[in-house]
Amino acid sequence: MDLSQIFTQIHGKEISYNNLVDIDAAIQLIREFPSPPPPGEAGRGPATFAIIKHTNVCGIAMRPTLPAAWDAALAGDPESAFGGVADL
């Protein structure tokens, strides 16, 4: 399977099995938060961002913008977030 068709890797080593487990955990966690409205509908909902390493949550946040959600999620445990996966 060509993972580049599914994921955009910004930095780091090739995606490993452990990364895929973390990505799945992040997706499952984010699904517990309200979704933004579909494109074309009035308004944009908040962005949710999760950072996971070895299936442990390093940070998760919902904020009005994606950069704000990233900053808040990273603030949860910036040291452990190194080498983990980030998902939105």
Side-chain angles (χ1 to χ4, degrees):
M1 174 185 287
D2 183 7
L3 296 177
S4 67
Q5 293 180 356
I6 302 170
F7 303 107
T8 300
Q9 183 172 348
I10 298 170
H11 184 68
K13 299 177 186 177
E14 184 177 345
I15 295 174
S16 69
Y17 174 78
N18 288 337
N19 295 140
L20 292 174
V21 171
D22 287 345
I23 290 166
D24 181 63
I27 290 169
Q28 297 303 318
L29 183 59
I30 289 171
R31 284 184 176 164
E32 294 187 24
F33 288 78
S35 300
E41 287 193 17
R44 283 225 31 163
T48 304
F49 205 99
I51 303 172
I52 309 259
K53 184 172 182 180
H54 304 303
T55 63
N56 292 300
V57 179
C58 300
I60 185 159
M62 179 188 290
R63 298 291 186 272
T65 65
L66 186 56
W70 158 258
D71 287 342
L74 186 59
D77 188 350
E79 209 167 312
S80 295
F82 179 79
V85 299
D87 203 341
L88 56 109

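Below, each value reflects all heavy atoms present in this structure, side chains not excepted, and no hydrogens, waters or symmetry copies. For reference, positions follow the sequence shown, starting with 1. Quick caveat: nothing in here was measured; it's all calculated off a predicted structure.
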Minimum-distance pair of heavy atoms, taken over all atoms of A73 and A61: N-CB, 3.6 Å
Shortest non-hydrogen contact between A50 and L29, atoms and distance: CB-CD2, 4.5 Å
D77: which residues meet the side chain to side chain donor-acceptor pair (under 3.5 Å) condition with it, sequence neighbours left out? S80
Spacing of T48 atom OG1 and L66 atom CG [to the nearest 0.5 Å]: 9.5 Å
With rounding to the nearest 0.5 Å, note down the distance linking NZ in K53 to CG in N19. 10.5 Å
Side-chain heavy-atom pair I51, W70 within 4.5 angstrom cut-off: yes
Using a 4.5 Å cut-off on heavy atoms from C-beta on, say whether the side chain of D22 contacts that of T55. yes
With sequence neighbours left out, what residues match A75 under side chain to side chain contact (heavy atoms under 4.5 Å, CB included)? none
Please check if the side chain of N18 supplies one atom and the backbone of S16 the other of a donor-acceptor pair under 3.5 Å. no
